[in-house]
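Written below as structure tokens is the structure these notes are about.
Below, read A as the first sequence line, B as the second, and so on, with proteins coming before strands; counting in each chain starts at 1.
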Number of protein chains: 2
Amino acid sequence: MVDTTSEKSRRGSYAKSKNTRASILDAALAVFAEAGYHKGSIREVAKRVGMSEPGLLHHFPSKSGLLEAVLTLRDDKSYALVPLDGDDGAASINGLIDLAAHNASIPGVVELFCILSAEATSTEHPAHEYFANRYRWTRENLRRTFELLESSGDLRPGVRPDRAALSTIAVMDGLQVQWLLDRSSLDMAAELRAFLSTLTTLPLGTGRPETR
Amino acid sequence: MVDTTSEKSRRGSYAKSKNTRASILDAALAVFAEAGYHKGSIREVAKRVGMSEPGLLHHFPSKSGLLEAVLTLRDDKSYALVPLDGDDGAASINGLIDLAAHNASIPGVVELFCILSAEATSTEHPAHEYFANRYRWTRENLRRTFELLESSGDLRPGVRPDRAALSTIAVMDGLQVQWLLDRSSLDMAAELRAFLSTLTTLPLGTGRPETR
DNA sequence: GTCTATAGTTAGATAGAC
DNA sequence: GTCTATCTAACTATAGAC
């Protein structure tokens, strides 16, 4: 048990395995995004990546294990876009608008997170802990961000950082549902920007790089 | 085809059938609320109501048909609580807070709608049209409600009725996800009330009847 | 690391008797 | 209106060969 991993590295089989894992994760993201977790199947993932099911399950312990790997990978990419844990409050807030704009270009991924966060509210769901921690972390950091704005005098009077964090996350989630139901009916980044401007006096970007 | 229904009525079997349908709908609501639509099974519904599956399917055309019946029934009950299409803007807005407070007492139903509205963002989902119409209707009526407040001077300066409608719905939906994930961490009615008070100067209730 | 074969489960829906 | 019996299909996961 102790040095299984290092032994793999020594054998030199790790690089190939890493590529296989990456292909599986790509396909899994696509499948889960199209069908949701419960309806999406390992069978379909295996088919897309050109493997048998047992072949795939050699790399991941189970369907739920595969899901968790997909989620963590996505989060890494999102958090690279929004430096929520940094010291620049204005950058964090504008990062949220950028994220909303970016999300509008990947509806499948948005749908996956939307369906999963709903499914995962059940305590028995394999991703329940993952989402509970994710929301805790985000809420905490966003509250801290609004506190930064508060001390720099960029918060509108009467705005409480904890409530601002809670409602901002709620608005982002809620906008996604409405956007997914009718994608032509609303501009997520613009709506989020309008909402955030009720909380802060900060100048806000539009989420479109060329206008920044 | 023409007079099948009236013949049923003539035979007098309709009343009994109505009771059976009601029991099935009750059980179906419970099952879907516990497991979601995809994971919930007709088999389980039939078991709870003490019937065989074909017996149940005699009353409803299919699983998705059953779902639609459950949803319509729930909506009828919710809209009885919130008179969104009335002429009293203040009553409508306070009705939303009451609804949030009421929802906090039926987590299973909230979970059902939460999961379903996410699942149903996919255009192939059996409830897609249902939810698309439901959101259109709600947004339209809520916008009209905020317009009423606007003309009576109860809207805060700069608040746009259309945006207010959109973001209020988003906040309500988003709060539900966070509440479901950690029910002890937030008071949906209180948070919604705080949010609404950023939109209107109206005096707002707390959602608790005794304090009104 | 990948396969074939298969176990074991669960599901939605229909046929046809009563 | 309700049943028994059954069909058909899909899924996760494991055993064991290569």
Side-chain angles (χ1 to χ4, degrees), chain A residues 4-25 27-28 30-32 34-70 115 119 124-127, chain B residues 4-25 27-28 31-32 34-70 115-116 119 124-127:
Chain A
T4 310
T5 322
S6 52
E7 187 152 0
K8 267 188 194 166
S9 309
R10 246 180 274 129
R11 279 194 199 136
S13 64
Y14 199 67
K16 193 185 171 186
S17 182
K18 205 173 151 194
N19 284 339
T20 311
R21 279 178 60 97
S23 323
I24 294 173
L25 287 173
V31 168
F32 288 149
E34 284 165 32
Y37 172 66
H38 277 121
K39 215 185 160 193
S41 69
I42 289 190
R43 192 157 298 182
E44 177 64 24
V45 178
K47 197 174 118 192
R48 292 201 192 186
V49 84
M51 270 185 112
S52 68
E53 288 170 70
L56 186 155
L57 286 171
H58 171 75
H59 299 275
F60 297 92
S62 65
K63 187 188 180 183
S64 55
L66 175 58
L67 174 69
E68 282 221 27
V70 170
I115 295 179
E119 282 181 356
E124 295 105 41
H125 194 282
Chain B
T4 311
T5 324
S6 53
E7 187 153 359
K8 267 187 192 166
S9 308
R10 244 179 275 131
R11 279 195 197 133
S13 62
Y14 198 67
K16 194 183 169 188
S17 180
K18 205 174 150 192
N19 284 340
T20 311
R21 278 179 61 97
S23 324
I24 294 174
L25 286 174
V31 169
F32 287 148
E34 284 166 30
Y37 170 66
H38 277 121
K39 217 186 160 193
S41 69
I42 288 191
R43 196 156 291 184
E44 176 64 23
V45 178
K47 196 175 119 194
R48 292 201 192 184
V49 83
M51 270 184 112
S52 67
E53 288 169 74
L56 187 155
L57 286 173
H58 171 75
H59 298 275
F60 297 93
S62 66
K63 188 187 181 184
S64 55
L66 175 59
L67 173 70
E68 281 222 28
V70 170
I115 295 178
L116 275 180
E119 283 182 353
E124 295 104 42
H125 194 282

Original post:
Atom NE2 of B:H59 to atom C1' of C:dT14: distance rounded to whole Å?
Top reply: 17 Å
Subject >> Distance, rounded to the nearest Å, where A:Y37 contributes OH and D:dT12 contributes C1' >> reply: 10 Å
**OP:** Starting from the 5' end of DNA chain D, give me the residue, A:L57 or A:K39, whose nearest nucleotide shows up first.
**Re:** A:K39
Original post:
Whole Å only: how far is the CE atom of A:M51 from the P atom of C:dT4?
Top reply: 11 Å
**OP:** Indicate, with a heavy-atom threshold strictly under 4.0 Å, whether B:S52 touches base, sugar-phosphate, or nothing.
**Re:** base
Original post:
At under 4.0 Å between heavy atoms, what does B:G40 touch on the DNA or RNA strands: base, sugar-phosphate, or nothing?
Top reply: sugar-phosphate
**OP:** Select one nucleotide: of D:dA13, C:dA13, C:dT2, the one nearest the side-chain heavy atoms of B:S62.
**Re:** C:dA13
Subject >> Integer-rounded Å distance: C:dC18 P and B:H58 NE2 >> reply: 19 Å
**OP:** Check whether NZ of the Lys or CZ of the Arg A:K63 lies under 6.0 Å from the centre of the six-membered ring of A:Y37 and within 45 degrees of that ring's axis.
**Re:** yes
Subject >> Where B:S62 and B:I42 come nearest, the two heavy atoms and their spacing >> reply: C-CD1, 4.4 Å
Original post:
Can you check the A:L66 CG to D:dA13 C1' distance for me, whole Å?
Top reply: 14 Å
Original post:
Which whole-number value in Å describes the distance from A:F60 CZ to C:dG1 P?
Top reply: 12 Å
Original post:
Can a side chain N or O of B:S17 be found less than 4.0 Å away from OP1 or OP2 on D:dG1?
Top reply: yes
Original post:
Whole-Å distance between D:dT4 C1' and B:E53 CD?
Top reply: 12 Å
Original post:
Closest heavy-atom contact between A:I24 and A:V49?
Top reply: N-CG2, 3.9 Å
Original post:
For the side chain of B:P54, counting heavy atoms from C-beta on, which of D:dA5, D:dC11, D:dA13 is nearest?
Top reply: D:dA5
Subject >> For atom CZ of A:R43 and atom P of C:dT4, their distance in whole Å >> reply: 13 Å
